[in-house]
Structures are given as C-alpha cells and as structure tokens.
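Chain letters run A, B, ... following the sequence lines, proteins first and then strands; every chain starts at 1.
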2 protein chains.
Amino acid sequence: MALEHALLVALREQPASGLDLARRFGRSIGFFWSATHQQIYKVLGRMESDGWVEATEVSQSGKPDKKVYDVTPAGRAALAAWLAEPTPTHALRSDLAVKMRGASFGDREAVLDVVRANLADHHVRLDHYRQLMKRDYPDGSGALAGLDLDQYLVLRGGILTEETWVAWLTEYLEAHA
Amino acid sequence: MALEHALLVALREQPASGLDLARRFGRSIGFFWSATHQQIYKVLGRMESDGWVEATEVSQSGKPDKKVYDVTPAGRAALAAWLAEPTPTHALRSDLAVKMRGASFGDREAVLDVVRANLADHHVRLDHYRQLMKRDYPDGSGALAGLDLDQYLVLRGGILTEETWVAWLTEYLEAHA
DNA sequence: CATGCCTATGCAACGAGTTGCAATCCTCGG
DNA sequence: CCGAGGATTGCAACTCGTTGCATAGGCATG
C-alpha cells in the first residue's frame, strides 16, 4: 500500500523515469525500501491513471526515450493526506529469526553458516551507510533542516538498524561458539 | 514462502491446532512473525496435502472439536532442508521511515504525531519483551542450551530491535524539537 | 551487417498476505 | 426453548510483490 507513497516522496525529491526510480530504490532510498522495476512501472501506471503523477517524454542521446514522471497537485494532496495518517507498527518478519529459533530441528552448524553469511552482509551494508554518512554529512546533523535533516535522520536509522543486526547476530554466534 | 517453515518450527516446539497457532503467533512467536488465522488455516491445509503435517481430531469439553497438527518425517526433512538454505537479507521496509523522509511534503507536526504514536507503541513492546525476559529467563543465558538458548536469543533480538526503534524515533523527535 | 549488450518500458502468471464473511459446535443466561 | 456469544474451521475476493519473459531503440565489436 505504501509503494505509491514512497514513489511520491521520491518524485517530490526529484522527478524521474521508472528506471531512474528503480535505480534509486536499489541505492540510497532502497536500502530502506526495495522495489523491482516491474512493480514500479505497474504502480506508476496506476498512479498516472489516478492523476497523481504525469509523464513527459524525454529524448536522450544514445538511449531510448524515457518518460519522466512528476507529481501533480492531486498527487501532492494524496501524499500530504497519507503522511498525516497513523501508521500501524508491524513486527519484524525475518526468515533468519525463524531459522535461529528453529536451529535445533536441523543441522545447527548449517544454520550458523547462514547466520555468518547474513552477518557478513550486514557488515557490508553498515560500512556502506557509514560511507554515505561521511560523504554526504561530513559535519554531522548540526546545520541541517527540513528535507536534508530528514534524509540524514533516515540514514541514521539505517545505520542503527544495521548495527543492531550486527550486534544480535554476533551475540547469537558467540552464544553458540 | 516462510510461513510454512515458521509453522513447522512452531509445531515442532509443540503440536497445536490452527487457532492455537494463531494465538501463539499473536504472542511470543508472533512478535517476530505475525499471521492471521485465515492465512494459517490456508497454509496448514496445503502442508497437510503435501504430507508435511498430519492432523488428529481432538474432542474438547465445552468447545468444538479441534484438529491438532503434528509434523511428519517428510515435514521434518523439509524443515531441515530449509534451515540449511542461505537466506537473503532484505531491507527494512517501513512505512514510517518513508513518512519521516517525506515529512517536508506535508504537515510536519502531523508526521511528528505519527512518530510519537509509534514511539509509544515500541515502548510498550519493549516493556513487554523485558517482562518476558525476566519471567522466562531470570538467570540470564548462562545455563541455557539448544532450543531454550535459541528462544532466549530470539527474544534478545526482539529487545535489541525495539531498543533501536526507541532510540531512532527519539533521535528523530529531538532533532525536530 | 550480424551479434550481443545496455537502456527503457511493459505484460502475464504466480505466490503470499489481508479483509470480510460464513458455518458449525458448544455453553450459558433468560 | 431461544438467543447471545465464544471457539473453531474455513471460503472468497482482493491487493501487493516477485519471477519470468517480451519488445524496442541504440551502440559497439567482429
């Protein structure tokens, strides 16, 4: 239900084509929200027929044309309304947690390998986020406000989340060492 | 894809009926994995026709009969195979993060209210988990092993996760104070 | 020119989960 | 007896997202 609104946020930050969005959702935004290009095209089409966004054909040199989407006033209103709605908090929902809990019912060493692989992945992500932080906010949050501050704070959330994963999986592995 | 395996883990811990499972998924297990009874019945039916579980009709005094499911050898093998598979890590996926990032495009004070409501909810969950921890593991993890240790460690993960949410949302609110 | 590769957009089929509703069995209170 | 209400199981329709594939333009290389 929220991909539409995530796309509205992304397009308000910067108008873009479907594939541009897919790339952004694979990078900075997408570390906190993922979506494939198929899903993005599908939702963009619905949003366009709902009048939330409108597309402009843009010619490119050396590449096929692309359709750059921008948010309409109706889309802005829909976004503002959604932003003010309460959001239910839903639980974690992690395959890995299920495997950790069920490790006794299979090959424990195999589960530990899965956990180790995930830990390595979370280390990579954490390093990546920290690099983004250093590159984009070398002076900390002091001078930020509005959109910049919000982007900073969401990146902070990503870092906190990855640190938690690292801590948790490390604790799991040490307890089973 | 993993509800089936989450159910296998739950049933290996303790055979149960569909509604029993729904209640457990609304409680201890479900703080890390949620599922409605409809979804559980649907998946249990498929698992039964796949030969992963088998049901026994059990009469109850004062209540309708119930079907208690237990895991078959084929189900045990399927669970063991799944446990050893690698698990891709997928990103956060949080409506609230999108709202925090997009707060500039709507009524910021309304978004802050949404964040405050979520913060209160995470405080409640954190308290709940800590009570579970105190009730079920008053002596810490020292003497635990196997299934008990795993259950403890997953609860630890829940606590770490909720602490992270509390820290993050608090930081967000203070930055916009 | 033919082939392969990248960009860009999109369709179709499927799987998973949610929401709303229904049916049955049982007990309890009036 | 009758109706209310909880327990138990389940169906149907819908939304959301994934996976696999298709189409087309343009470039580079052999």
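The cluster map of Ile, Leu, Val, Met, Phe, Trp and Tyr, joined by side-chain heavy atoms under 4.5 Å apart, puts B/V71 and B/L21 in the same cluster.
Residue A/K42 is in base contact, counting any heavy-atom pair closer than 4.0 Å across all strands shown.
Here the P atom of nucleotide D/dC16 and the NE2 atom of A/H37 are 20 Å apart, to the nearest Å. A straight line from CG of A/L7 to P of D/dC16 spans 12 Å, rounded to a whole angstrom. Note: CZ (A/F25) to P (D/dG17) measures 11 Å, nearest angstrom. Atom pair A/K66:NZ and C/dC6:C1' shows a separation of 14 Å (rounding to whole Å applied). Atoms NZ (B/K67) and C1' (C/dA23) sit 14 Å apart, rounded to a whole Å. What separates CG of B/D65 from P of D/dT9 is a distance of 9 Å, to the nearest Å. Following rounding to the nearest Å, B/R46 (CZ) and C/dC14 (P) show an atom-to-atom distance of 15 Å. As a whole-Å value, the separation of B/I40 CD1 from C/dA16 C1' is 14 Å.
Here the side chain of A/L19 is nearest to one of C/dT7, C/dG17, C/dT19, namely C/dT7. Among C/dT18, C/dA8, C/dG10, the nucleotide with an atom closest to any side-chain atom of A/R93 is C/dT18. With D/dT8, C/dC11, C/dT19 as the candidates, the nucleotide lying closest to the side chain of B/Y41 is D/dT8. Side-chain proximity of A/E4 to the nucleotides C/dT7, D/dC16, C/dT18 is greatest for D/dC16.
For the pair A/Q39 and D/dT18, the criterion of a side-chain N or O lying under 4.0 Å from OP1 or OP2 is not met.
By the 30° and 60° cut-offs, the orientation of the rings of B/Y152 relative to B/Y137 is perpendicular. Classified by interplanar angle (parallel below 30°, tilted 30° to 60°, perpendicular above 60°), the ring pair B/H122/B/W165 is parallel. Aromatic ring orientation, A/H176 versus A/Y172: tilted (interplanar angle from 30° to 60°).
Of the two residues near DNA chain D, B/S17 and A/S34, the one whose nearest nucleotide lies more 5' is B/S17.
With hydrogens and angles ignored, no donor-acceptor pair closer than 3.5 Å exists between the side chain of A/Q38 and the base of D/dG17.
The salt bridge (Lys or Arg N to Asp or Glu O under 4.0 Å) search around A/R130 returns A/E163, not counting sequence neighbours.
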